[in-house]
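Take a look at the structure set out below.
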Amino acid sequence: MCGIVGYIGSKQATPVILEGLKNLEYRGYDSSGLALLSNGGVELRRSVGKLSNLDDLLRQKPAQGTSALGHNRWATHGAPSEENAHPHTDCTQRLVVVHNGIIENYLPLKEKLMAQGHVFKSQTDTEVVPHLIEEKIKTMKAARGSVAKDLLEPLLFDAVRQALGELRGAFALGILWADCPKVLLGARSQSPLVIGLGQSEAFLASDVPAFLSYTRKAVFMDDGEIAVLSPEGCRLFKLSGQKVEKNSVQIQWDRTMAEKSGFKHFMLKEIYEQPRAVEDTLRGRLFPLKDGVLSRECGFSPDTLGRIQRIHLVACGTAYHAGLVGKYLLEHFAKIPCEVDIASEYRYRDAAVDPETLVVAISQSGETADTLAAVRGVRARKAKTLAICNSMGSSLTRESDFTLYTHCGPEIGVASTKAFVGQLSALYLLTLHASLARGCFSDAEGRQFAEELMRIPGIIRNVLKLDPQIQELAKIFFRKEHFLYLGRHINTPIALEGALKLKEISYIHAEGYAAGEMKHGPIALIDKEMPVVAIATESSVFEKVISNLEEAKARGATLITLVTEGEQRIKGKADILLSMPHVSEYFAPLVNVVPLQLLAYHIAHLRGCDVDQPRNLAKSVTVE
């Protein structure tokens, strides 16, 4: 959600902050702002809408300084406006704060501060933070009398620490004070915050792309930590004031991996990167079969896996659809009972878990608030937790017992594509090793499963050759306002995902359904204006799918159908056929999702939508 960028060093900070905010646009935002320490005070620039508006404002009213905070805001409290945009200041206009998250108790804090004489200028929850810190500084100054310059940094640190003790909710904070210009403070509780360490400079950000142009040396903050950044580096403390020792990590990908490489949009580039995403997630993790990735990479031994009696797959959005595919795989091959839950619901139900339960939490960012809360809840009840995640060092990976990383590289488009196939690939790996650990696969069957997986990247490359045909298809249907997506069995989640992609980026109303459920309600919506996108590739339920499609066709639907190349039984029953390469039924989701992604992309592009940054959406949903 909101994006934070902070800088302290010797460079002029404005271009550093703007570049960082640009690299965090994928998180979603509706306004942006920047604050610099300049000439002994604070220079503040804020604007509504795209980051280009802030850039224009800074051209008209330049600001100079080497310490700064920037922010892209995704509104939670108060409409998008200049006064609600971050950064926010205290009454003195000398202390400035940026924030990602939600301060749950901001109203009583605000009322108390107003009673003490503080004047608020916005409708945000964030503004209580600078005023609260200001009040703590004022109280300590009154108690101590005059404060020497060399004691201002400890004063600020204590004021921030005391203020944090009164906040409830999720927050990542960046804090600057004109009276103490040599330090930049960061604080984290249930919202992501990472530090970048360069040569005589330091960075604070919501995600590593913000500073990858300058350094790949990163320190990931944990909940309840305060960071004190200076050009010399960073010091970390717990809320109690106790110092924390923590090693930095080297980020393995650089900014060039996040550039468009000639594609019109990041989303299209990322669709085309999916063969490599599957290859990179599988690489080195299939053989030898008896010494799989879970044992070598995260200590999840075959013996431990073999003792698991049930699996709960927990996720949100696209990752939830990956979990639905995982249920089919794990129950069919590994014979493990599985449940799949939306994390925002799972965290509030009393799920029956115990030490023989494995909770698999799936998240691209590793910072999804509801998924994190679900993991914390089940760990308290001794269930084992496995994170499937694309972000090294994220909260989810640090708080889970085991981690299975997808190796997809940065995904910039808000609507997930390659991260989804990476998650699917990880679930196929989990299925393979679980089936072997439980004795459900012989060595020969395990090898056959692995070899089938190894074929998938090449098959996806062939499917991408359908792009020109899908572009022409989009020209026919891009003005439609309703779509229905149908699938059965393991392709039902892919129908759901196809509908989600279309509604996310084109703003067309689309519903995904199990085809057998169509006549229990959705069939009432079907008429000649309703395109129906159906997945009818080779499967054990092919004839059932055809019967469902005939029901839709009888009501006037225009049928766009994915079929296995050479299939004759559907001729005359569908209006438009997309011929797919042959792939075994249980591996079809990795392949069938690709044309649905392309269809959504081209329709959205023809409608003039902002494909990479659709309205109201955020890449990393860090609030409930």
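Here, residue 1 is the first one in the sequence, and each next residue gets the next number.
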Checklist outcome for this item: Thr564 and Glu538 have their tightest heavy-atom pair at OG1-N, 2.8 Å
Next on the checklist: Atom CD of residue position Glu331 - does it have more than 12 heavy atoms of other residues, nucleotides or ligands inside 6.0 Å?
Outcome noted: yes
Item to check | Lys/Arg-Asp/Glu bridge criterion (N-O < 4.0 Å) met for Lys246, Glu225 | outcome: yes
Next on the checklist: Restricting to ring-ring contact (aromatic ring centres under 6.0 Å, His included), what partner residues turn up for His321, sequence neighbours left out?
Outcome noted: none
Next on the checklist: When you measure from the centre of the six-membered ring of Phe171, is the NZ or CZ of Arg188 closer than 6.0 Å and no more than 45° off the axis?
Outcome noted: no
Checklist entry - Thinking salt bridges, do Lys418 and Glu270 make one under a 4.0 Å N-O criterion? => result no
Item to check | Side-chain heavy-atom pair Lys22, Leu51 within 4.5 angstrom cut-off | outcome: yes
Checklist entry - Under 4.0 Å between a Lys/Arg side-chain N and an Asp/Glu carboxylate O for Arg447 and Glu452? => result no
Checklist entry - Are a donor atom and an acceptor atom from the side chains of Thr397 and Thr403 found within less than 3.5 Å of each other? => result no
Item to check | Salt bridge Asp370-Arg347, side-chain N to carboxylate O under 4.0 Å | outcome: yes
Checklist entry - Are Lys501 and Glu504 within salt-bridge range, i.e. N to O under 4.0 Å? => result yes
Checklist entry - Is any side-chain N of the basic residue among Glu339 and Arg310 closer than 4.0 Å to the acidic one's carboxylate O? => result no
Checklist entry - Got a sec: does the NZ of Lys335 have more than 12 other heavy atoms crowding it under 6.0 Å? => result yes
Checklist entry - Is there a donor-acceptor contact under 3.5 Å from the side chain of Ser365 to the main chain of Glu367? => result yes
